[in-house]
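Residue numbering restarts at 1 for every chain, and letters A, B, ... go by the order of the sequence lines.
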Amino acid sequence: MSDRLGIGIFLTVGTLVIMGLFLGATIWLENSFKKDKQKK
Amino acid sequence: MNPGGKKESPQNPQQQQADVSRRRFFTLMGLGIGWGGFAAALGGTSVGALRYLFPNVVYEPPTVFKIGKPDDYGVGVDNKLKKERQIWVVRNERGIYVLVAICRHLGCTPNWFDDQKRFRCPCHGSIYDVTGNVVGGPAPRTLWRAGVSIDPVDGQIVVNFNQRQDPDPKGTDEGLMVDEKSREVPPFFLQV
Amino acid sequence: MNKLLDQIRENVTQTQVWKSIFRHGFPSNDANRALVMFSNVILHLHPVRVRRGALKIKFTWCLGGLTFFFFVMLAVTGVFLMFYYVPDTRRAYNDIKDLGTVIYFGSLFRNLHRWSAHAMVFSVWMHMTRVFLTGSYKPPREFNWVVGVILLVVTLVMSWTGYLLPWDQLALWAVTVGSKMAEATPLVGNAGPFGPELGMGVDNDVRFVLLGGTVVGQSALLRFYVLHCLGLPLVMALFMAVHFWRIRKDGFSGPL
Amino acid sequence: MAEKETTLGTLPKRDGNSGGLAALIKKSASDKMGPEDHVLVWPNLVYIELISMLFATALLLFLSLISPAPLEELASSDTTPNPTKAPWYFLGLQELLVYFDPWLAGVVLPSLIIVGLVLLPYIDPNPKGKGYYTFSERKFAVLGFCFGLALWYILIVIGVWFRGLDWSWYWPWENWHHHKPITGGLVDLEVIIGKTLGMSDTPLVTLGRYGVTIANLITWALFLGYYAIGFSVPFLTMRKFYNTLGFVRYNLMMFMFLSMLGVPLKIFLRLLANVKYVLVTPWFKI
């Protein structure tokens with residue numbers, strides 16, 4: 001049973017981490033372009 | 001606009017309506033024939049091309065072969081022919097049957113683990129027992145049994161690799177099971 | 001010394017031959033810089049001018065361009081490999097082994113080919129992700145996104161067919177598993193739902209035409225070789241042309 | 001357009017009419033923009049591309065040096081290497097094969113992904129967010145896409161680094177050379193339901209090979225119920241969301257979205273409840 005649980009946890013955490021990476025990049029880029037617009 | 005140079009006679013609306021619909025009809029007919037012909041030609045050639053890709057003659061190893069005499073095989077699973085013929089020859093108390101060494105999940109070649117009395121597939125972990133029933137992993141059906149018969153002339157076992165027994169398994173707690181009695185019928189079983 | 005160099009440059013660039021090739025002077029002024037683009041078939045893939053905002057690396061990360069660069073790298077190294085590789089099950093493996101050992105720069109070309117293949121697949125995904133995140137697929141550019149998806153699929157099939165060619169254990173079994181998936185296609189696959197009901201057997205279903213037989217053998221290797229070296233690259237080139245043309249016509253969706 | 005005329009004017013007079021063509025054709029996109037915030041592609045964009053190409057070549061050479069292309073032993077059709085792994089970009093699919101039948105994991109799900117991607121621009125009505133990075137204005141779209149992408153990448157990560165002999169799960173610190181013990185057999189959902197509710201498994205009606213039992217009907221209800229609820233809940237509660245999409249777009253999008261969520265749902269059903277098939281018919285199993 002331990003393997004099954006381990007896979008479940010790994011899957012959930014892994015998906016959230018990768019989603020976080022992509023969302024973080026998008027938000028960071030969104031703000032950095034907003035800053036560029038204000039600066040110009 | 002009027003190629004004949006003839007002055008356009010003032011026609012009543014119905015007449016004009018008829019002209020327009022007649023012209024429209026012929027245009028559609030023309031388009032239909034034109035594009036219909038093109039589609040037929042295109043369709044014909046692509047069907048031909050597809051048929052071209054189906055070879056009529058295939059140079060592959062023979063599917064009907066002899067594997068020696070019944071008494072060459074002792075009780076249990078014989079791995080001898082797995083490398084050359086991709087089959088296992090299994091003898092139990094009642095006789096001999098031949099399992100095809102192709103996993104029903106995705107076609108890898110499983111391995112026999114004598115200590116665990118199980119066939120285990122290296123591709124996705126499907127597990128079969130000695131009769132071919134699925135006791136673990138994603139395999140959707142039980143192992144195939146190849147057609148077997150005795151050659152009356154020299155008494156050898158003749159295996160027909162492409163003649164396969166594939167009963168509908170029942171989902172149970174232990175896995176996908178087929179009762180052994182229903183499987184041990186000729187031409188897939190030899191009472192020897 | 002300076003006069004001498006000018007003299008040489010004069011003698012070279014004013015000749016009829018030079019002028020017939022290069023329709024522009026040295027791109028030191030804007031007119032010539034525009035002309036360089038106008039008069040070059042490859043460079044004119046780009047417009048002559050582009051918005052300053054479009055140049056920001058952190059917008060496109062150059063991913064589309066990189067994907068195309070990997071494709072060109074693959075095409076070049078692929079041709080080099082074709083000089084030594086013969087798609088025959090009896091010698092394919094040795095040809096690859098030769099490439100890796102006895103042929104000068106052979107392993108370089110094979111490695112470059114393999115790594116640019118992996119890089120191309122990865123950069124195609126990243127490019128798709130970037131295009132999605134910047135919403136660059138929104139009207140009027142939907143069709144270009146669809147062409148992009150087709151290119152993604154063809155890239156994956158290209159990589160998959162190329163994977164079989166070395167004919168080692170990894171290749172054979174990866175393709176066996178893959179072709180078994182083809183056999184499991186609904187309706188037209190022998191093992192797929194409603195396949196047998198439609199008369200799909202081992203010798204007339206979609207796997208049979210994919211492999212040219214019931215087993216992954218010589219005909220499968222040849223079919224994959226033809227698809228990998230000729231069929232699919234042509235399809236890709238065609239769709240890339242459409243893709244680049246649409247970008248050229250719809251303009252850059254970059255930050256305004 | 002006048003400004004463009006002058007630069008064209010300075011070109012050496014060419015006899016071919018291609019020079020004039022640019023003036024005649026409808027303004028192509030790049031001409032529409034005002035001249036002021038423009039830069040010439042040569043040298044600016046072209047230099048950037050050159051540098052990125054050089055960098056990419058360097059990267060490829062570096063990768064080739066540190067890990068040259070492997071060449072295993074000659075292919076032999078009777079011994080299957082253990083484990084057999086597809087190239088890394090297909091390992092997401094191969095990992096799915098553990099949980100789904102080949103027709104689903106190998107054909108239907110990839111086709112749904114491709115069709116979903118193709119439909120994306122046509123089912124995304126949101127005009128905002130065109131041409132710039134934004135999350136705030138496109139929350140649902142970005143979240144949905146990133147979830148699908150994360151699912152794809154995590155399955156690849158598992159397939160590459162966590163799957164060992166017999167495709168069983170191996171933590172990195174475990175001994176990868178010893179076969180894992182046989183885990184318990186998987187059980188179909190209808191068998192679980194049948195056992196827990198103590199129903200007889202004599203089929204109510206048999207259509208050819210298909211003996212329909214009560215438990216089987218319950219699994220059908222659950223499966224179709226999942227989609228029914230998925231379609232109706234957002235329709236009833238978020239009517240504005242539905243109205244912006246319209247009937248066709250809404251249903252297409254919801255079907256894709258629910259199927260995408262169905263994948264992890266079945267995976268967790270398998271991991272936590274040992275379910276082999278959610279729905280069983282003699283022709284196909286999900």
Side-chain angles (χ1 to χ4, degrees), chain C residues 27 30-31 33-34 36-37 46-52 55 62 65-66 69 93 96-97 100 107 110-112 114-116 121 129 132-138 142 145-146 149 153 159 163 166-174 177 180-181 184-186 192-194 249-251 253-255, chain D residues 7 10-11 28-30 33 37-46 48-49 52-53 56 60 63-64 68-69 71-77 80-81 84-90 94 101-103 106-108 114 117-118 120-122 124 127 129-134 138 142 145 149 283-284:
Chain C
D30 278 5
R33 285 193 187 115
V36 160
M37 300 302 291
H46 291 303
V48 172
R49 256 186 229 78
V50 82
R51 279 195 308 281
R52 182 177 303 281
L55 290 185
C62 228
L66 272 179
F69 168 69
Y93 183 73
I96 297 287
K97 202 183 271 284
S107 71
R110 185 181 174 225
N111 282 328
L112 275 183
R114 188 172 170 282
W115 275 110
S116 30
V121 169
T129 311
F132 176 82
L133 292 178
T134 59
S136 308
Y137 61 85
K138 295 192 182 228
E142 310 97 311
W145 167 271
V146 173
V149 172
V153 169
S159 298
Y163 207 74
W167 202 250
D168 60 354
Q169 274 288 69
L170 197 61
L172 177 76
W173 287 102
V177 170
K180 274 292 179 181
M181 279 199 233
T185 326
F194 307 114
K249 282 299 125 188
D250 293 342
S253 80
Chain D
T7 46
T10 55
L11 301 185
S28 71
S30 57
M33 288 159 275
D37 61 350
H38 268 56
V39 283
L40 279 170
V41 163
W42 180 286
N44 305 307
L45 183 54
V46 172
I48 295 175
E49 283 175 350
S52 66
M53 278 195 260
L60 289 177
L63 286 172
S64 302
L71 186 65
E72 298 189 3
E73 65 286 2
L74 178 65
S76 69
S77 67
T80 312
T84 309
K85 291 200 173 182
W88 61 272
Y89 37 82
F90 284 155
Q94 186 162 2
D101 266 6
W103 69 280
V107 178
V108 169
I114 293 166
L117 284 175
V118 164
L120 215 63
Y122 301 104
D124 179 2
K130 175 158 81 167
Y132 54 92
Y133 287 97
T134 173
R138 292 172 60 213
V142 171
F145 186 83
L149 213 60
W283 301 285
F284 61 89

**Request:** Please assess D:His38 against C:Arg52 for the test side-chain contact (heavy atoms from CB on, under 4.5 Å), listing each intermediate value before the final yes or no.
**Result:** CA-CA 5 Å; D:His38 268 56; C:Arg52 182 177 303 281; over 6 Å; no
**D:Leu40 vs C:Val48, side-chain contact (heavy atoms from CB on, under 4.5 Å): CA-CA, chis, key distance, verdict** = CA-CA 6 Å; D:Leu40 279 170; C:Val48 172; 3.9 Å; yes
**side-chain contact (heavy atoms from CB on, under 4.5 Å) between D:Leu149 and C:Phe132, worked out** = CA-CA 11 Å; D:Leu149 213 60; C:Phe132 176 82; over 6 Å; no
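Note that CD of C:Gln169 and OG1 of D:Thr80 are 7.5 Å apart. Values are rounded to the nearest 0.5 Å. Atom NZ of C:Lys97 and atom CG of D:Leu71 lie 5.5 Å apart (nearest 0.5 Å). Residue C:Thr134 holds its OG1 atom at 11.0 Å from OH of D:Tyr132, rounded to the nearest 0.5 Å. In this structure, OH on D:Tyr89 lies 7.0 Å from OH on C:Tyr163, to the nearest 0.5 angstrom.
Across D:Ala69 and C:Arg114, no two heavy atoms sit closer than the pair CB-CD, 3.2 Å. In terms of heavy-atom proximity, C:Leu170 sits nearest to D:Lys85 at CD1-O, 3.7 Å. Residues C:Leu66 and D:Ser52 approach most closely at CD2-O, 3.9 Å, considering heavy atoms. Nearest heavy atoms, D:Arg138 versus C:Leu133: NH1-O, 3.3 Å. Of all non-hydrogen atoms in C:Trp145 and D:Leu117, the two that sit nearest each other are NE1-O, 2.6 Å. Annotation for D:Thr84 and C:Trp173: closest pair CG2-CB, 3.3 Å, computed over non-hydrogen atoms.
Taking chain C as the reference chain and counting heavy-atom pairs below 4.5 Å, the highest number among D:Asp101, D:Leu45, D:Asn44 is found for D:Leu45. Of the residues considered (D:Ala75, D:Pro102, D:Gly106, D:Pro81), D:Ala75 shows the highest number of contacts with chain C, using heavy-atom pairs under 4.5 Å. The choice from D:Val108, D:Ile48, D:Asp124, D:Val142 that makes the most heavy-atom pairs within less than 4.5 Å of chain C is D:Asp124.
D:Tyr122 touches chain C through its side chain: at least one heavy atom from C-beta onward sits under 4.5 Å away, while N, CA, C and O do not. Using a 4.5 Å cut-off between heavy atoms, D:Val107 contacts chain C through its side chain alone, with no backbone atom that close.
Here the side chains of D:Pro127 and C:Lys138 are not in contact, with every heavy-atom distance at 4.5 Å or above.
Residues satisfying the side chain to side chain contact (heavy atoms under 4.5 Å, CB included) test with C:Val153, not counting sequence neighbours, are C:Val157, D:Ile114.
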